[in-house]
Every structure is written in C-alpha cells, then in structure tokens.
Amino acid sequence: METTMTTMDHGRYETSRRKLDLLGFVGRALGLAYHAMKMRSERAALHEMPDYMLKDLGISRSEIDRYTSVRYALSHSERFDA
C-alpha cells in the first residue's frame, strides 16, 4: 500500500490578542474607567437600600463592596471589551 502525503495550506489566522497600539490602549483604559465609575455608582445605590431589599437580592450589606469591586465584576462577567 502506498502512502501519499498532502500539504496543508496554512492561512493567516487572527490571534486572540489585540495589537498593542496607542488607540487600543486608550480605548481599553477609557472603557475600564467607565466601568469603574459605573460600579461606584451601583455600590452607592446598594448602600442606600434597606436591608430587606438587599435580602431580596440575595446579598448582605457586608457583601456590597465585594460584589461591586471592579476586579470581581470583570472576573465574573464575560470578557471585557472596550
């Protein structure tokens, strides 16, 4: 039995990393700043809520800061794209 080897055409595949250019960096930085401001306003709104409403949401007053931290929100959401 004869074995025939074929060649594969290697196409260009886009990598998952974005190009490190100035506009991309500025866009991501602005997106992260906007996200941080949004988390800060949500934290303030949660602190103003009475305890029974927080209980309905399933969190306690001591957990507000953890759930509204930017690090927690980004790690528990879909990938952040600015």
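The OG atom of Ser60 sits 8.0 Å away from atom OH of Tyr67, with the distance rounded to the nearest 0.5 Å. Expressed to the nearest 0.5 Å, how far CG of Leu30 lies from NE2 of His35 amounts to 14.5 Å. The structure places CZ of Arg43 at 9.5 Å from CD1 of Ile64, a figure rounded to the nearest 0.5 Å.
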Pairs of donor and acceptor atoms involving the side chains of residues 48-55, under 3.5 Å and at least two apart or interchain, shall be tabulated with distances.
residue : atom : partner : partner atom : Å
Asp51   : OD1  : Arg61   : NE           : 2.9
Asp51   : OD1  : Arg61   : NH2          : 2.9

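Remark: Glu63 pairs with Arg66 by the salt bridge (charged side-chain N to carboxylate O under 4.0 Å, His left out) rule, at least two apart or across chains. In this structure, Ser41 has no side-chain hydrogen bond (donor to acceptor under 3.5 Å, both in side chains) partners at least two apart in sequence or on a different chain. For Asp56, the salt bridge (charged side-chain N to carboxylate O under 4.0 Å, His left out) criterion is met by no residue, not counting sequence neighbours.
Here the closest heavy-atom approach between residue Met39 and residue Thr68 is recorded as CB-O, 3.3 Å.
Between the side chain of Arg40 and the backbone N or O of Ala36 there is no donor-acceptor pair closer than 3.5 Å.
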